[in-house]
Structures are given as structure tokens and as C-alpha cells.
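Structure first, then comments.
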Amino acid sequence: MIIQETIFTPAQQTVFNRLLAAIPVGSVLALEGEAGSGKTLILGEVHRTCGGALLGMREFVASLQTHAPAAIEESFVRMMEQAMADHELVLVDDLHRVINIVESCNYPRSELFDAALTAVVDHAAALGKGLIFAVQNRVPMPIQQRAYTSKVEDFSPADFECICRVYLGAELASSLNFAEIHRFAPNLNGHQLRKVCIWLQRTPDLNTGAFIEYLQAEHMVSNVDLDEVQAVDWNDLKGVDEVIQALEAKIAFPLENGTLAAALGLKPKRGVLLAGPPGTGKTTIGRALAHRLKSKFFLIDGTVIAGSDFFYRRVFDVFEDAKRNAPSVVFIDDADVIFEEKDERGFYRYLLTMLDGLESASAERVCVVMTAMDVNSLPPAMVRSGRIELWLETKLPDETARATILREKLTKLPSPIRSADIATLANASRGMTGADLKAVVEDAKLLYAQDVVLNAPSRPAEEYYLEAIATVRANGRRRGRRTSDRLIGATQFGFGVEEVDVI
């Protein structure tokens with residue numbers, strides 16, 4: 001029988017060595033690490049080296065079968081006592097999974113598990129037995145107070161390279177720039193890297209760009225499903241050239257040009273406010289930014305009721321994911337609508353805390369982009385210098401921009417409806433947004449189709465559009481009288497308060 005040698009990353013090797021050194025010293029040891037950091041791998045190698053009993057969830061579930069379903073504490077204590085009776089060293093993997101159960105809101109015996117842990121570690125000390133617990137994120141207090149704790153630190157480029165060499169092979173792995181991959185996705189864990197490598201090992205001429213493109217395509221970090229977001233890029237946006245140039249230079253460039261950004265110490269602006277009237281393309285710009293940044297884009301939308309515990313939890317998780325995967329962008333659509341309710345101060349204070357937290361070194365490459373129709377609805381402290389470092393405005397398209405928008409839309413239509421005089425329509429649509437112009441074209445098509453069906457006398461193409469312009473203007477006036485009835489966004493990053501399309 002051939003025993004395969006365990007290959008550790010540098011971070012894992014450091015923890016393994018520390019555990020071996022600590023076993024003769026302490027009766028209780030804790031192995032802490034994020035999901036996919038290699039805790040199970042390390043614990044298995046300690047077991048191979050030192051012997052003892054290795055217990056996981058399979059052994060715990062087997063012990064649970066001999067007790068009542070809610071008797072988790074009794075099952076755990078019984079499992080540990082049986083192992084200590086036969087072994088000098090007991091290793092417990094995935095202890096956090098048991099803790100997650102007993103800390104859930106539906107578990108009837110809250111905090112009893114702490115008593116069970118205390119009993120176990122005290123019993124082990126009395127018998128002179130050794131215990132090692134592997135946990136994710138947080139070591140429970142009864143263990144923390146007694147244990148020597150070793151934590152698997154965040155993976156470095158060297159850790160990435162070690163894992164990829166195992167699953168890609170040395171030749172393919174040597175073609176990759178792991179510093180660049182780590183800069184793009186610094187918090188990929190071992191499970192994710194393994195999956196990527198297994199998929200890409202069949203790719204001929206694999207290089208760093210292809211590796212990163214796969215990470216983007218698989219949306220491994222973003223909370224936005226790009227398949228559900230309207231496909232938009234900068235070229236689809238008209239009349240907002242200055243905004244696009246600013247976003248390119250001050251957000252996209254620092255995110256996408258790792259070598260130069262590192263050399264010059266560049267980082268994206270920490271806070272960006274994108275303000276403008278309804279229909280001027282703020283949400284559309286966000287869609288374009290989502291497709292541009294792909295796995296680096298995180299959304300906070302209005303689909304969850306502000307003020308609820310779940311809402312705060314969701315906001316917290318979004319910021320934590322963004323910080324772990326920096327450089328990244330958190331996009332808050334229709335921020336002014338979220339803050340419209342003057343009695344709702346909780347989210348305001350919570351978001352200020354999150355924004356201020358981005359000043360720390362661990363979050364310095366996170367950019368928060370907020371859109372707003374009415375800047376006056378935003379809390380003054382939110383837009384003060386330091387929190388908002390870049391203020392951009394989306395304005396109504398001028399006559400040249402309106403002509404460009406209309407020309408692009410009419411070019412796709414059949415004759416004779418596409419033969420309208422663009423200059424006439426651009427002049428008549430003064431003050432209209434890109435969303436308004438889209439509505440004008442749609443209404444004009446309906447008017448033309450009605451004439452065709454009714455065999456009505458044909459009219460000059462301009463007349464259909466001019467009539468549609470009058471209708472859209474009237475609807476706009478009626479909407480203006482009902483702005484107090486606005487709703488927060490309806491679907492994930494699809495549509496907010498304003499009806500926005502590619503302009």
C-alpha cells in the first residue's frame with residue numbers, strides 16, 4: 001500500500017508545525033481557519049503523525065443516534081468520553097457545525113453546549129489526555145480560555161501556487177503569475193482553487209489572463225447574477241461621456257491594472273455619488289459597471305425591507321464579501337429612496353459605520369458607488385468630504401446626444417417608420433431623458449402599427465414621433481405629481497424607481 005505524501009501550502013505547513021510543537025505542552029489545542037483553508041488536511045496529517053482518535057461529523061451523527069434528537073450535548077460528551085477512554089489524543093474536526101446547530105434560534109437549550117465543552121476539556125485535563133478542535137472563524141469560549149490556538153492565515157501567492165501545482169501540474173502552473181491572480185481574488189480558498197484547476201487543466205496554452213477570465217465567468221465572488229442583468233457596456237451609453245471617463249480613470253483603471261496600480265499605490269475612490277434626474281442612466285451605468293467588473297461587483301438593492309434584522313445582516317455580508325475580495329465595488333442603487341423614510345435612522349448609522357470601516361488597510365481597495373435622484377434626501381453626514389470622494393452628475397442629454405440616441409434606435413426599424421427627420425425630433429424632444437426617448441420610439445411604433453392595421457392614410461414618419469413625444473411629456477407631468485408614491489427597486493438590480501434602459 002502506497003501512502004501519498006501530504007503536500008501543504010506554506011500557511012498550512014506553519015500551522016502543522018506549530019501544532020506538533022504544542023501537543024507535548026498543552027492539553028487543549030485549537031485549529032482555526034476559514035472554509036477551504038485546509039483544516040481537515042492538517043488535522044488528518046497530525047493524526048497520521050501522532051495517532052489518536054480522529055472524530056468528525058460522521059462519528060457525531062452515529063453517537064446522536066443513541067440519544068433523543070435534541071440531546072446534542074449528551075451525544076457529544078458521550079462520543080468524547082468513549083474516545084478518551086481508548087486514546088491519549090482526540091482530534092475533533094468541524095466543531096463549528098455542531099455549534100451552528102445549538103446556536104440556532106430554534107434550538108431549545110441555548111448555551112448548554114458551553115457547559116458540555118467545559119466538562120469535556122476539564123475531564124481531559126484530569127485524565128492527562130490531549131484534545132485538538134478544528135473550528136471555522138470563532139473558537140468557543142470554553143476552549144479559547146484553555147487552548148493554544150493556531151490559525152491558518154490568509155493564503156498568499158505562494159499558497160495559491162502550491163495548490164495549483166498539485167491540481168494543474170508543475171508545467172501548467174509555471175505559466176501563471178500567481179501574484180496577479182492573488183491580487184485579483186485574494187480570498188479564493190482551497191476548494192475554489194481546486195475546482196478552477198481541475199476545469200482548466202485541459203486548457204491548452206493556459207495563461208494568467210485565461211485563469212482570471214474563468215474566475216470572472218464563474219462569478220465566484222460577486223453577489224450579482226450577470227445573466228439576470230441587462231447586457232450593457234460603455235459604448236451603449238450616450239451623453240454621459242464625462243461620467244464614463246471618471247469611472248474609467250478612478251474606479252476601473254485601479255482595479256484592472258494591477259502592476260501599475262501596485263507600483264504607484266493606486267486605489268479606487270472610496271465613495272462615489274452618481275446623482276441625476278430620473279431616466280438619465282444612473283442604473284444603466286451601474287449595469288455597465290457590473291458587466292465590466294464582473295466578479296468584483298457587489299449590489300445592495302431595495303428588495304429587502306430596510307430596518308429588518310435580515311436587511312442589516314445582508315448589508316454586513318455584502319461589505320464583508322467585498323472586503324475579502326478587494327479590489328471591488330459595492331453598488332447601492334437609489335440610495336435616496338432608501339433614506340426617504342426620515343424615521344429610519346438605523347440603516348443610515350449602519351451604513352456610515354460600514355463606510356468609515358473602509359478606511360482600514362484591509363478594506364482600502366473597496367469602492368462604494370451610490371446613485372441618487374434627490375441628493376437632498378441623503379443624510380448630510382453621508383455626503384461629507386472623506387466619505388464621498390467623487391461626485392458625478394448624470395444630466396439630461398443635449399440635442400446632439402438626443403439625436404445620437406434617436407438615430408441608433410431608428411436605424412433598427414423598417415421603412416418607412418425609420419425615415420423620420422432626426423434633427424426635427426431631437427429639437428422637439430428637448431428636456432427628455434434617454435428613458436423618455438426609448439418610450440417615444442416604442443409609442444411611435446404602436447401608432448404606426450395601428451394605422452397599418454386600420455388601413456389609415458399614411459402620415460409622414462415625423463408625425464408618429466411628435467405625437468409620441470407629446471404623450472410621453474404628458475405622462476411625465478403626471479408622474480411628477482406622484483413622486484411620493486415611488487417604490488424601492490423591484491428585482492435584483494433589474495429596475496429601481498426610475499425606468500431606465502440603454503440610452
Side-chain angles (χ1 to χ4, degrees), residues 229-245 274-289 291 371 373 392-483 486 490 494-503:
V229 179
Q230 180 185 353
V232 185
D233 62 32
W234 293 145
N235 295 325
D236 296 316
L237 303 171
K238 309 300 177 184
V240 289
D241 293 346
E242 293 181 359
V243 172
I244 292 174
Q245 290 171 6
L274 193 57
T280 53
K282 299 183 297 300
T283 299
T284 308
I285 290 171
R287 292 180 185 140
L289 198 59
H291 281 280
T371 73
M373 293 176 287
L392 302 173
E393 294 186 13
T394 55
K395 302 176 181 178
L396 296 173
D398 60 19
E399 189 164 341
T400 301
R402 294 196 302 275
T404 302
I405 294 169
L406 288 166
R407 186 177 297 108
E408 287 192 357
K409 293 187 178 298
L410 266 62
T411 299
K412 303 172 184 177
L413 300 179
S415 182
I417 190 68
R418 72 179 176 195
S419 60
D421 183 71
I422 298 296
T424 299
L425 302 184
N427 182 66
S429 58
R430 184 180 291 106
M432 285 190 162
T433 67
D436 291 335
L437 295 175
K438 181 202 173 188
V440 165
V441 173
E442 294 301 313
D443 285 1
K445 290 192 296 183
L446 290 172
L447 293 171
Y448 170 73
Q450 185 180 42
D451 279 358
V452 171
V453 171
L454 297 177
N455 291 318
S458 60
R459 294 188 279 166
E462 292 83 13
E463 289 191 14
Y464 296 109
Y465 293 99
L466 293 173
E467 183 178 341
I469 287 172
T471 300
V472 171
R473 285 195 189 281
N475 289 338
R477 287 191 292 269
R478 285 191 286 270
R479 274 201 310 271
R481 292 193 293 267
R482 300 181 60 189
T483 53
R486 291 178 303 183
F495 309 92
V497 175
E498 50 178 328
E499 296 179 0
V500 178
D501 196 16
V502 178
I503 64 171

Give the minimum heavy-atom separation between [X] and [Y], together with the two atoms involved.
X      : Y      : result
Pro416 : Ala461 : O-CB, 3.6 Å
Met432 : Arg402 : O-CD, 4.3 Å
Ala444 : Ile417 : O-CD1, 4.2 Å
Val440 : Tyr465 : CG1-O, 3.9 Å
Leu425 : Ile469 : O-CD1, 4.1 Å
Ala426 : Leu406 : N-CD1, 4.0 Å

Taking atom [atom1] of [X] and atom [atom2] of [Y], what is their separation to the nearest 0.5 Å?
X      : Y      : atom1 : atom2 : result
Arg407 : Lys412 : CZ    : NZ    : 14.0 Å
Leu274 : Ile285 : CG    : CD1   : 4.5 Å
Leu466 : Leu447 : CG    : CG    : 11.0 Å

Working note: Val240 + Leu392, criterion side chain to side chain contact (heavy atoms under 4.5 Å, CB included); need CA distance, chi angles, decisive distance, verdict.
CA-CA 10 Å; Val240 289; Leu392 302 173; over 6 Å; no
Min side-chain heavy-atom separation Thr411-Arg418 under 4.5 Å
no
Less than 4.5 Å apart, side chain to side chain, heavy atoms only: is that true for Leu446 and Gln450?
no
Lys282/Glu393 salt bridge by N-O under 4.0 Å criterion:
no
Partner of Ile422 by side-chain contact (heavy atoms from CB on, under 4.5 Å), out of Leu410, Ile405, Thr404:
Leu410
Decide yes or no on salt bridge (Lys or Arg N to Asp or Glu O under 4.0 Å) for Glu467 and Arg459, but give the supporting numbers first.
CA-CA 12 Å; Glu467 183 178 341; Arg459 294 188 279 166; 3.2 Å; yes
Check whether more than 12 heavy atoms from other residues, nucleotides or ligands sit under 6.0 Å from atom CD of Glu242, and answer yes or no.
no
Quick one: do Leu437 and Ser429 satisfy side chain to side chain contact (heavy atoms under 4.5 Å, CB included)? Show the steps, please.
CA-CA 8 Å; Leu437 295 175; Ser429 58; 3.8 Å; yes
Test item: Asp436 side-chain N/O and Thr433 main-chain N/O as donor-acceptor pair under 3.5 Å:
yes
Quick one about Tyr464 and Asp443 (side-chain donor to acceptor, distance below 3.5 Å, no hydrogens or angles considered), yes or no?
no
